[in-house]
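First up is the structure itself, then whatever we jot down about it.
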Amino acid sequence: MEIAKALTIAGSDSGGGAGIQADLKTFQELDVFGMSAITAITAQNTVGVQAVYPLTVNAVTEQIKSVAEDLNPNAVKTGMLFSSEIIDAIANEIKRYRWSRVVVDPVMIAKGGSSLLLEEAVASLKDELIPLAFCVTPNIPEAEKLVGFTISTLEERKQACEALYQLGAKNVVIKGGHSNEKEVTDLLFDGETFHLFSSPRTNTNHTHGTGCTFGAAITAELAKGKSIYEAVKKAKDFIGAAIEDSLGLGAGHGPTNHMAYRKRKVQVNDY
Ligand SMILES: Nc1ncnc2c1ncn2[C@@H]1O[C@H](COP(=O)(O)OP(=O)(O)O)[C@@H](O)[C@H]1O
Ligand SMILES: Cc1ncc(COP(=O)(O)O)c(N)n1
C-alpha cells in the first residue's frame, strides 16, 4: 500500500520547534510522507520572533501547485498564513484541487507575543478558510477572537465550538493549553457530540510549537484515513509525550520533543 502523504502550508520557524519544521517532524514520526508550501520565513528562536518575511502570493500558490499536480496529498494542514491575500489564495487552491481533509490551525500569535497574522486577515480566515476546514483547531485566545466572546467556562467553550461549526468547519477542536486548570482538556465537537480529551498539565515553559505539533498529528492520522476521533486521540497522546519528555533546549519557550512518542512506543514494544 502507498504511504500516506500530507502537505503543510505554513510559516518556517528557523528555531525548528514550530511551523513547517514541527509539522514535517510530526508527519515523519507518524509514518506519513511530509510536503510543504512555505507562506513566510521567520527568524525565530525560543526567546522570540526576530523577523517575519512573508512570501509573495505566487510563491505560495506555485509551491501548492507543484505538490498537488504530482504528489497528491491525502490530507492538508494550514498554519501561519500572515495576510488576507495569502489566505484567499490558499482557499482558492483548496477548492481547485477539491481537498477535503483540511486541518486549519488558525495561528495568530507566537508564545512570546509576536503577531503571526495581520489583524485585517482574521475576517479572511473566518469567511474563506474555516468554511473549507474538515477540522479547525484554535487555542482559547484564537477561538475568542474568531467568535467574538470571552471563553472562561466549559459551557462557553462548547458555545464557541458551535459558533465555529456554524462557520462551516466540519469538526472543531478548542485546545485547552491556555486555561488555568490543573488538567489540560481539548474539546472536540463533530457537529453532534462533544468529546473531552484530558491529561495532567505538565509544568514547563517548553511549549513552543505545541499547537502546530498537535494539528500536524491530527493531519497525519487523517491522511491515513483515520476518523476525527481517532486522529484527535492520537494527537493528544503525541503532544503529551512531546511536552513531558522535554529536550530542555534554548533560553526561552523551548521546543517539544517530537521523538518522544515514537521512543515510548518502541520501548513498550520491546517488552
Ligand atoms: N502544559 C501542558 N501539559 C500538557 N499538555 C499541554 C500543555 N500545554 C498544552 N498542551 C497540549 O498541547 C496542545 C496545544 O495546546 P495549546 O497550548 O492550547 O495550543 P497553542 O500551542 O496553539 O497555543 C493541546 O493538545 C494541549 O492539550
Ligand atoms: C512559523 C510559526 N508558526 C506557528 C507558530 C506558533 O507556535 P505555537 O504552536 O507555539 O502556537 C510559530 N511560533 N511560528
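Start at 1 and go down the list; that is how both ligands and their atoms are numbered. In what follows, every heavy atom counts, from backbone to side chain, and hydrogens, waters and symmetry copies are set aside.
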Min N/O separation Val184 to ligand 1 under 3.5 Å: no
Lys111 to ligand 1, any heavy atom closer than 4.0 Å: yes
Main-chain N/O of Gly248 paired with Ser246 side-chain donor or acceptor, under 3.5 Å: yes
side-chain contact (heavy atoms from CB on, under 4.5 Å) between Asp186 and Ile174, intermediate numbers included: CA-CA 6 Å; Asp186 299 336; Ile174 301 186; over 6 Å; no
Check: Phe33 ring centre within less than 6.0 Å of Phe27 ring centre: no
Ligand-side contact atoms (ligand 2) for residue partner Ala110, heavy atom cut-off under 4.0 Å: 13 (N)
Charged N-O contact under 4.0 Å between Arg96 and Glu93: yes
Any donor-acceptor N or O pair under 3.5 Å, side chains Lys25, Thr213: no
Nearest-neighbour protein heavy atom for atom 1 (N) of ligand 1, which is reported as residue plus atom name and distance: Thr202 O, 2.9 Å
Test of proximity, Thr210 against ligand 1: N or O pairs below 3.5 Å: yes
Ala10, Gly215, Cys212: member with heavy atom nearest to atom 4 (C) of ligand 2: Cys212
Contacts of Lys5 that satisfy side-chain hydrogen bond (donor to acceptor under 3.5 Å, both in side chains) - sequence neighbours left out: Glu2
Backbone of Thr207 reached by a side-chain donor or acceptor of Lys111 within 3.5 Å: yes
SB check Lys145 Glu142 (cutoff 4.0 Å): no
Contacting atoms of ligand 2, where contact means under 4.0 angstrom from a heavy atom of Gly211: 9 (O)
Close-contact set for ligand 2 against Val107 heavy atoms, below 4.0 Å: 4 (C)
Protein residue, atom and distance nearest to atom 22 (O) of ligand 1, heavy-atom basis: Lys175 NZ, 2.8 Å
Closest protein heavy atom (residue, atom, distance) for atom 12 (O) of ligand 1: Ile239 CG1, 3.6 Å
N/O separation below 3.5 Å, Asp105 to ligand 1: no
Carboxylate-amine/guanidinium proximity below 4.0 Å for Asp105 and Lys175: yes
Any Gly79 heavy atom less than 4.0 Å to ligand 2: no
4.5 Å side-chain heavy-atom contact, Tyr261 and Leu30: yes
Ser12 side chain near Gln21 side chain, heavy-atom distance below 4.5 Å: yes
Side chain, backbone, both or neither: Ala18 near ligand 2, heavy atoms under 4.0 Å: side chain
Closest protein heavy atom to atom 5 (C) of ligand 2, given as residue, atom name and distance to 0.1 Å: Leu116 CD1, 3.5 Å
Residue pair Tyr229, Phe197: steps toward the ring-ring contact (aromatic ring centres under 6.0 Å, His included) verdict: CA-CA 10 Å; Tyr229 180 86; Phe197 299 85; 5.4 Å; yes
Nearest protein heavy atom with distance in Å, relative to atom 10 (N) of ligand 1: Ile243 CD1, 3.5 Å
Contact check: Met80 vs ligand 2, nitrogen or oxygen atoms, below 3.5 angstrom: no
Shortest protein heavy-atom distance from atom 10 (O) of ligand 2, along with the residue and atom involved: Gly209 N, 2.7 Å
Close-contact set for ligand 2 against Thr210 heavy atoms, below 4.0 Å: 9 (O), 10 (O)
Side-chain H-bond candidate by donor/acceptor type, Ser179 with Arg201, under 3.5 Å: yes
Identity and separation of the nearest protein heavy atom to atom 25 (O) of ligand 1: Asp186 OD2, 2.6 Å
Mode of Gln44 contact toward ligand 2 - side chain, backbone, both, neither (heavy atoms, under 4.0 Å): side chain
Arg264/Asp245 ion pair, N-O < 4.0 Å: yes
Closest protein heavy atom to atom 11 (O) of ligand 2, given as residue, atom name and distance to 0.1 Å: Lys111 NZ, 3.9 Å
Protein residue, atom and distance nearest to atom 23 (O) of ligand 1, heavy-atom basis: His178 NE2, 2.6 Å
Atoms of ligand 1, numbered as shown, that sit under 4.0 Å from any heavy atom of Arg201: 1 (N), 3 (N)
Protein heavy-atom partner closest to atom 9 (C) of ligand 1 - residue, atom, separation in Å: Gly177 CA, 3.7 Å
Gap separating the CG atom of Asn74 from the CG atom of Leu222, nearest 0.5 angstrom: 10.5 Å
For Gly11, the ligand 2 atoms whose distance to one of its heavy atoms is below 4.0 Å: 1 (C)
